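The structure presented is a predicted model; accordingly, all values stated were derived computationally and were not measured. Order of the sequence lines sets the chain letters (A, B, ...), proteins ahead of strands, with each chain counted from 1.
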2 protein chains.
Amino acid sequence: MVSISTKGIYGVAAMHALYKSPNAKLMQIKEIAAMTHISHGYLEQILSSLKKSSLVVSIRGIHGGYKLAHDAEKIIVLDIVESLEGKLFVPNENVGASIVLDSFWADMQEQTRKVFDIKLCDLDKSYQTFFYEI
Amino acid sequence: MVSISTKGIYGVAAMHALYKSPNAKLMQIKEIAAMTHISHGYLEQILSSLKKSSLVVSIRGIHGGYKLAHDAEKIIVLDIVESLEGKLFVPNENVGASIVLDSFWADMQEQTRKVFDIKLCDLDKSYQTFFYEI
DNA sequence: AGTTAACATAGTAATTCACTTAGGTATTAG
DNA sequence: CTAATACCTAAGTGAATTACTATGTTAACT
């Protein structure tokens, strides 16, 4: 089945929560977990990965928490998902029986990745489109 | 990791082999397996699924084999992959913490599926494009 | 010093993947 | 008729992945 795992979906949800945080205030794992219904422990791992990829920054200690590492204009969904799940839609090497098909799948990968080239700040647009279309 | 499993890739390879068969002649599992380097037993399962989805037809007995059920113009890659792997990129239900994100993922699914809306007969084009661009 | 929250690693049950194994059934050559 | 061939089907299997949980460590604030 072709799908993004919950890890990637959780990651986007967490990043979205940070983006929506008023005045870009620090958010604690606790808060994000409550908002998104992601398990606390699992979210810790996810945020840790996002930090390694420099998508978020953290502050430790009693008033610690997370915030976006950059402006939401500079963060794309593809980076979030790929930092958590590895490169999207990798062409499998030992399957290639023909150059034609290899070329085809490489093309598919490229186009699929393009679909996820969406800025974090534009994430709400599909909902708004839906809303205004009524 | 986000990727199409080998099952889907094998399915497309097998369908492509049938499409390329001269005069749309029947091909035996043996032949397709040899061409594509897919294991015989696994390919049997895949072709069986493709048959259930009415993408190929089969003839049994000593001179049996497979051929496309319809013209290659009427078969799209999305149908091949989804008949083998289930619907592409299903939005996970219990993850939806917000309507905004649900809406976003539904949108992503739609767009990803559109990428795979490619006719079997157009499958060689990415290679040709590559070739002529040199 | 003690509380709190981020950080790190290991473990685990359940599921999926990519097959293999073992047979059954339809068709036809001889 | 019967043996051979090829399609058809179900069940099993080892390895990998998923979505966590558990346990402990380190940093910062009061």
Side-chain angles (χ1 to χ4, degrees), chain A residues 1-14 18 25-34 36-67 69 81 84-87 89-90 92-95 97, chain B residues 1-14 18 25-34 36-67 69 81 84-87 89-90 92-95 97:
Chain A
M1 198 168 51
V2 182
S3 69
I4 283 197
S5 72
T6 56
K7 202 169 189 174
I9 293 176
Y10 284 168
V12 173
L18 291 177
K25 241 190 72 185
L26 280 185
M27 282 184 83
Q28 298 188 344
I29 296 180
K30 229 194 311 183
E31 294 178 75
I32 305 174
T36 57
H37 308 133
I38 304 171
S39 104
H40 187 279
Y42 198 29
L43 185 57
E44 267 183 317
Q45 288 176 30
I46 290 167
L47 286 167
S48 173
S49 292
L50 293 173
K51 193 191 170 181
K52 261 185 204 146
S53 313
S54 306
L55 289 166
V56 298
V57 289
S58 68
I59 288 164
R60 298 175 76 150
I62 196 158
H63 287 126
Y66 287 91
K67 61 175 182 171
V81 173
L84 294 166
E85 309 202 10
K87 194 157 187 178
F89 193 179
V90 187
N92 208 329
E93 305 224 357
N94 52 348
V95 170
Chain B
M1 201 168 46
V2 182
S3 69
I4 283 198
S5 71
T6 56
K7 203 171 189 171
I9 293 175
Y10 285 168
V12 173
L18 292 177
K25 242 191 69 184
L26 281 184
M27 282 185 84
Q28 299 189 342
I29 295 180
K30 231 194 308 184
E31 294 178 74
I32 304 172
T36 57
H37 307 134
I38 305 170
S39 104
H40 187 279
Y42 198 29
L43 186 56
E44 267 184 315
Q45 285 176 35
I46 290 167
L47 286 166
S48 174
S49 292
L50 293 173
K51 193 191 170 181
K52 260 186 204 145
S53 313
S54 307
L55 290 166
V56 297
V57 289
S58 69
I59 289 166
R60 298 175 78 153
I62 196 156
H63 287 127
Y66 286 92
K67 59 174 183 172
V81 174
L84 293 167
E85 309 202 11
K87 194 158 187 179
F89 193 1
V90 187
N92 207 329
E93 305 224 356
N94 52 349
V95 169

Nearest whole angstrom, please: distance from the [atom2] of [N] to the [atom1] of [X].
X	N	atom1	atom2	result
A:Leu26	C:dA5	CG	C1'	12 Å
A:Ile29	C:dC7	CD1	C1'	8 Å
A:Glu85	D:dT18	CD	P	7 Å
B:Lys30	D:dA4	NZ	P	15 Å
B:Lys67	D:dC7	NZ	C1'	16 Å
A:Leu84	D:dC20	CG	C1'	15 Å
B:Leu43	C:dA18	CG	C1'	13 Å
A:Glu31	C:dA6	CD	C1'	14 Å

Just how far is it from atom [atom1] of [X] to atom [atom2] of [Y], taken to the nearest 0.5 Å?
X	Y	atom1	atom2	value
A:Ile38	A:Ile9	CD1	CD1	10.0 Å
B:Glu31	B:Ile29	CD	CD1	11.0 Å
A:His40	A:Lys30	NE2	NZ	7.5 Å
A:Ile62	A:Gln28	CD1	CD	9.0 Å
A:Ile46	A:Thr6	CD1	OG1	7.0 Å

Any protein N or O atoms within reach of nucleotides 25-28 of chain C? Criterion: under 3.5 Å, listing atom names and distances.
| residue | atom | partner | partner atom | Å |
| --- | --- | --- | --- | --- |
| C:dT25 | O2 | B:Arg60 | NH2 | 2.7 |
| C:dA26 | O4' | B:Arg60 | NE | 3.3 |

Do A:Tyr66 and A:Leu18 have side chains that approach each other closer than 4.5 Å (heavy atoms only, starting at C-beta)? yes
For the residue pair A:Leu26 and A:His63, establish whether any side-chain heavy-atom pair is separated by less than 4.5 Å. no
Dump every N/O contact between nucleotides 19-22 of chain C and the protein below 3.5 Å, one line per pair.
| residue | atom | partner | partner atom | Å |
| --- | --- | --- | --- | --- |
| C:dC19 | OP2 | B:Tyr10 | OH | 2.8 |
| C:dC19 | N4 | B:Gln45 | NE2 | 3.4 |
| C:dT20 | OP2 | B:Ser39 | OG | 2.9 |
| C:dT20 | O4 | B:Gln45 | NE2 | 2.4 |

Partners meeting side-chain contact (heavy atoms from CB on, under 4.5 Å) with B:Ser53 (sequence neighbours left out):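 side-chain contact (heavy atoms from CB on, under 4.5 Å) list for B:Ser53, sorted by chain: B:Leu55, B:Ser83.
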Derivation and outcome, side chain to side chain contact (heavy atoms under 4.5 Å, CB included), residues A:Ile32 and A:Leu47: CA-CA 10 Å; A:Ile32 305 174; A:Leu47 286 167; 4.2 Å; yes
So, OP1 or OP2 of [N]: does either fall under 4.0 Å of a side-chain N or O from [X]?
X	N	answer
A:Lys51	C:dC7	yes
B:Lys7	C:dA18	no
B:Ser48	D:dC7	no

